[in-house]
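First the proteins, then the strands, lettered A, B, ... as listed; each starts at 1. Remember, predicted model here, so these are calculated numbers, not experimental data.
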There are 2 protein chains.
Amino acid sequence: MGRRERKKAATRQALADAALRLFLDRGFDQVSVRDIAEAADVSTTTVFKHFPSKEALLFDLDSDREAALIAAVRDRPEGMSVPRALCEHTLRMHSDGTDDPEMARFVELTESTPGLREYGRRMLMRHEAALAAAIAETTGVPADDPGCAALAHFALETVGFARGRADARRSIEAAFALLEHGWPAAGQR
Amino acid sequence: MGRRERKKAATRQALADAALRLFLDRGFDQVSVRDIAEAADVSTTTVFKHFPSKEALLFDLDSDREAALIAAVRDRPEGMSVPRALCEHTLRMHSDGTDDPEMARFVELTESTPGLREYGRRMLMRHEAALAAAIAETTGVPADDPGCAALAHFALETVGFARGRADARRSIEAAFALLEHGWPAAGQR
DNA sequence: TTGAAAAGTTGAGTCGTTGCACTTTTTTAG
DNA sequence: CTAAAAAAGTGCAACGACTCAACTTTTCAA
């Protein structure tokens with residue numbers, strides 16, 4: 001890697017670090033892009049050469065998420081259903097956000113700012129097609145099967161559903177119970 | 001109704017009309033709020049006294065939607081399941097958008113602009129709580145039952161899912177089939 | 001060494017949106 | 001009925017996110 005790319009990476013990292021620090025300190029809306037640029041000692045325009053938007057400064061670590069999602073489906077234990085595997089994966093991701101206090105503050109920031117909620121949701125939904133393809137593959141149906149796409153969409157949407165509900169874990173489980181067993185018929189209630 | 005309110009209503013209508021005309025003509029992003037204000041012969045500030053955002057200029061008619069949604073659940077034929085009723089209602093709403101050519105252009109506009117898609121989705125999702133309550137009522141469970149909330153959320157989310165897919169009707173039906181019967185067990189495939 | 005491409009930086013500008021001040025209308029008090 | 005005060009409408013100027021067109025610097029091959 002040449003000197004140039006190293007410097008570019010350093011600037012990028014400095015921007016992401018400064019942004020995270022300022023956001024956690026003052027809140028997303030109380031920090032302007034100018035502030036971040038100044039803290040990293042570059043001009044505001046330069047910020048947008050490295051990141052497509054103000055929100056993107058926070059979601060710099062987006063990789064691996066898709067891979068973990070696909071793996072949860074593909075490498076699930078023998079005999080476990082796809083919705084069940086996705087449920088457990090979602091619960092696992094969710095508890096990751098409440099263990100580490102550093103991470104907890106980050107999660108709290110993203111969930112309390114409407115703009116960041118939307119952005120996070122869109123980031124997550126970009127994996128819909130890949131997840132649908134993985135589901136189709138393990139169940140042996142055509143890759144564009146609408147049922148697989150629907151399951152993928154709803155499974156990803158579940159975190160958005162649980163957000164803001166009183167008992168998040170119970171909401172996640174209820175959502176996946178619906179996806180796995182369907183709406184209970186009139187007699188079974 | 002006094003003269004003042006009449007004038008206010010007239011200005012509001014003029015703004016909504018001018019906005020719709022310009023948006024259909026040039027596209028949402030190619031029209032600035034200043035253009036709309038000028039077309040209605042007011043200042044840009046006045047626009048935001050009547051509408052909370054640029055997007056709101058298009059979604060002026062949002063009422064009745066929630067009422068129709070609730071009615072579809074509450075007044076469904078004897079013996080019809082809740083997901084089935086919601087499926088038919090969703091399909092009915094969807095075909096409304098493709099019949100009338102005027103409406104078709106409107107739908108095409110809202111679906112082709114990312115900002116408008118998000119806004120429309122949020123408008124729709126505001127009905128989640130009311131729909132969940134209606135579902136809970138007809139099935140005789142506590143109003144805050146997470147299963148009902150999940151069904152409400154996913155049913156509303158279905159239009160967002162079908163959007164942008166090749167065969168929208170088939171996608172809607174597949175989504176509701178999943179919600180009604182659940183993910184088919186390994187043997188049934 | 002040189003010269004052109006790639007990348008970084010900048011200042012000026014656009015667009016959505018909001019605070020502050022000003023004008024007009026409606027309501028209230030004398 | 002009139003004056004004052006409250007309320008509502010309107011516009012100018014400004015802020016913050018983001019883009020564009022130019023300019024400067026860095027890199028690297030010939």
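- Rounded to whole angstrom, the span from the CD atom of A/Glu55 across to the C1' atom of D/dC18 amounts to 11 Å.
- Residue side chain B/Thr45 reaches the base of D/dC12 through a donor-acceptor N/O pair under 3.5 Å, judged by distance alone.
- A/Phe23 is not listed as a side-chain neighbour of A/Gln30, based on a closest heavy-atom distance of 4.5 Å or more.
- Taking 4.0 angstrom as the limit, B/Lys7 places none of its side-chain polar atoms (N or O) nearer than this to OP1 or OP2 of D/dG9.
- A/Arg6 places its CZ atom 17 Å from the C1' atom of C/dG8, with the value rounded to the nearest Å.
- The separation between B/Leu116 atom CG and C/dG16 atom C1' is 14 Å, rounded to whole Å.
- Atom NZ in A/Lys8 sits about 10 Å away from atom C1' in C/dA6, given to the nearest Å.
- For the pair B/Phe48 CZ and C/dG19 C1', the interatomic distance rounds to 14 Å; values are reported in whole Å.
- One finds the CD atom of A/Glu88 at 9.5 Å from the CD atom of A/Glu173 (value rounded to the nearest 0.5 Å).
- A donor and an acceptor atom sit less than 3.5 Å apart, one in the side chain of B/Arg34 and one in the base of C/dG16.
- For the pair B/Ser43 and D/dT10, the criterion of a side-chain N or O lying under 4.0 Å from OP1 or OP2 is not met.
- Around the CD atom of A/Glu38, the shell of radius 6.0 Å holds no more than 12 heavy atoms that belong to other residues, nucleotides or ligands.
- An OP1 or OP2 oxygen of D/dA17 is reached within less than 4.0 angstrom by a side-chain nitrogen or oxygen of A/Lys54.
- Nearest-nucleotide positions on DNA chain C place B/Ser53 closer to the 5' end than the other of B/Lys49 and B/Ser53.
- The stretch residues 22-32 of chain A touches DNA chain D through A/Val31, A/Ser32, each having a heavy atom under 4.0 angstrom from the strand.
- With a 6.0 Å radius and a threshold of 12 heavy atoms from other residues, nucleotides or ligands, B/Met80 has its CE atom above the threshold.
- Separating the CD atom of A/Glu38 from the C1' atom of D/dA17 is a distance of 16 Å, rounded to the nearest angstrom.
- No hydrogens or angles considered: a donor-acceptor pair under 3.5 Å links the side chains of A/Thr46 and A/Ser43.
- Taking atom OH of B/Tyr119 as the reference point, atom C1' of C/dT17 lies 14 Å away to the nearest angstrom.
- Here the side chains of B/Thr110 and B/Phe59 are in contact, with some heavy-atom distance below 4.5 Å.
- Counting non-hydrogen atoms of other residues, nucleotides and ligands closer than 6.0 Å to CG of A/Asp25 gives a total above 12.
- Put simply, NE2 on B/His50 is 16 Å from C1' on C/dT17, counting in whole angstrom units.
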